[in-house]
Amino acid sequence: MTKFSKKIRKAIFPVGGLGTRFLPATKSIPKEMLPVLDKPLVQYAVDEAIEAGIEEFIFVTGRGKSAIENYFDHSIELESNLKDKENLENLNLIQKTVLKPGSVSFIRQQRPLGLGHAVWCARNFISDEPVAVILADDLIEANPGCMKQMIENWDGGNMVATMNVEDKDTSSYGIITPGKIIRDKIEVRGIVEKPKPKNAPSNIAVVGRYIIQPSVFEDLALQKKGTNDEIQLTDSLSSQIGKYPFYAYNFIGTRYDCGTKIGFTKANTNFALKDDEIGKEYNDWLSSLLKN
Ligand code: UTP
């Protein structure tokens, strides 16, 4: 019987995409640095990983993404400025964004050839162990966080976080062919990227959280192009069916597709309404706006 390492210590954050749906902003700001309220998307993703017990953070970046690298480092000038002004609250806030020395790596995906290619670019940081993959532009509000829920329900093999979508929306997601339901998990018998509603095997859609076995990298190495002529992570996961257990986990929480304008705006509205400082004023303003 195959032995599985239980502990998931590393997470890959693919942040090498072009973010064309947010042009012109993403001409010079990485999509993952767009803020929901006062925190960039990538911070929510890292917070979720830390909560799930992740100790090593591997970012797959691209050209124009150096803001992400700087964000997780010290900002010496700003820190000394805040120290001089005795602004300890903000000093503490920015110091908390600095990840532990040696726990963070950055690798360039020289060309954005697809999510599968981005994950493959991180291969040399992963030894023979399972790894989490977190897409920062999928912001998931959940308690406990989505990755923690997944790890708690994971028992080896590959796993994807899923949610049910409307039939008309299947062409925006990877869609699974469901098998047996085992407690909170659904066996994955097949997975297809962005099927038209009439071809979709279900309406159970993959969102941007994965736990993958090292063998997935072997298939990614073949660099096969799939939907939209991109190297798709779901295709390599599909190649593992029958070799390793593969489950979907319907997480409990709300997911905002912050790679789209509507998802990003909904996330901002939701977080603003719940915010201690501005929530009430924003609620009043929004209510009166909607009345007129
Ligand atoms: P998207 O499909 O949203 O693509 O990627 P994108 O390029 O970021 O955005 P659009 O479609 O042009 O607006 C999903 C995730 O995969 C990463 C992205 O950074 C995002 O987190 N990704 C995608 C890569 O890291 N590299 C790629 O080649 C493609």
Side-chain angles (χ1 to χ4, degrees), residues 11-52 54 57 59 61 65 67-68 71-72 93-94 96-97 115 132-150 160-166 168-174 194 203-210 249-290:
I12 300 172
F13 300 86
V15 291
L18 295 177
T20 51
R21 285 168 289 178
F22 273 96
L23 282 170
T26 44
K27 189 177 165 214
S28 61
I29 304 167
K31 172 174 65 173
E32 299 77 11
M33 285 303 294
L34 294 175
V36 168
L37 217 52
D38 49 7
K39 275 199 295 184
L41 287 169
V42 72
Q43 179 73 65
Y44 290 94
V46 164
D47 288 346
E48 184 182 324
I50 292 171
E51 185 202 3
I54 299 296
F57 308 84
F59 292 87
T61 71
K65 302 269 181 169
I68 298 175
Y71 177 80
F72 288 110
L93 196 68
I94 62 161
K96 275 205 286 201
T97 63
L115 175 60
V133 177
I134 298 183
L135 306 191
D137 54 355
D138 262 349
L139 173 56
I140 300 184
E141 191 188 23
N143 188 13
C146 182
M147 186 47 71
K148 186 166 184 193
Q149 291 179 37
M150 288 172 77
V160 285
T162 48
M163 65 180 202
N164 291 355
V165 295
E166 289 185 39
K168 67 173 176 47
D169 293 330
T170 57
S171 54
S172 302
Y173 297 89
K194 301 185 173 53
N203 63 351
I204 306 173
V206 177
V207 300
R209 303 290 182 276
Y210 312 77
Y249 173 74
N250 262 349
F251 68 95
I252 301 161
T254 308
R255 172 250 189 190
Y256 296 93
D257 181 359
C258 289
T260 65
K261 285 176 215 171
I262 183 70
F264 179 73
T265 306
K266 283 180 186 174
N268 267 294
T269 296
N270 171 58
F271 280 70
L273 286 172
K274 289 182 184 169
D275 187 71
D276 288 342
E277 192 187 325
I278 65 163
K280 184 170 177 327
E281 186 179 339
Y282 185 61
N283 190 2
D284 293 346
W285 173 80
L286 195 60
S287 307
S288 70
L289 182 79
L290 293 175

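Every heavy atom of this structure was used, including side-chain atoms; hydrogens, water molecules and symmetry mates were not. This chain uses plain numbering: 1 for the first residue, then up along the sequence.
For the pair Y71 and Q43, the minimum side-chain heavy-atom distance is below 4.5 Å. In this structure, I12 and I134 have side chains that are not in contact, with every pair of non-hydrogen atoms separated by 4.5 Å or more.
Residues K31 and D137 approach most closely at NZ-OD2, 2.7 Å, considering heavy atoms. The heavy-atom pair separating D138 from G208 by the smallest distance is OD2-N, 2.6 Å. The minimum heavy-atom distance linking A142 with G253 is given by the pair CB-CA, 4.0 Å.
For K194, the NZ atom is densely surrounded, since the number of other residues' heavy atoms within 6.0 Å is greater than 12.
Between the side chains of N270 and Y256, at least one donor N or O sits under 3.5 Å from an acceptor N or O.
T97 OG1 to D47 CG: the interatomic distance, rounded to the nearest 0.5 Å, is 10.0 Å. For the atom pair N203 CG and E166 CD, the distance stands at 9.5 Å (nearest 0.5 Å).
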Check residues 19-29 and write down every donor-acceptor pair under 3.5 Å in which the side-chain atom is one partner and the other belongs to a residue at least two apart or another chain.
from, atom 1, to, atom 2, distance (Å)
T26, OG1, G19, O, 2.8
T26, OG1, F22, O, 3.3
T26, OG1, L23, N, 3.3

**Request:** Check the pair R209 / Y249 against side chain to side chain contact (heavy atoms under 4.5 Å, CB included), numbers first and verdict last.
**Result:** CA-CA 10 Å; R209 303 290 182 276; Y249 173 74; over 6 Å; no
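Outside the 6.0 Å centre-distance limit, the rings of F13 and F72 are not counted as a close aromatic pair.
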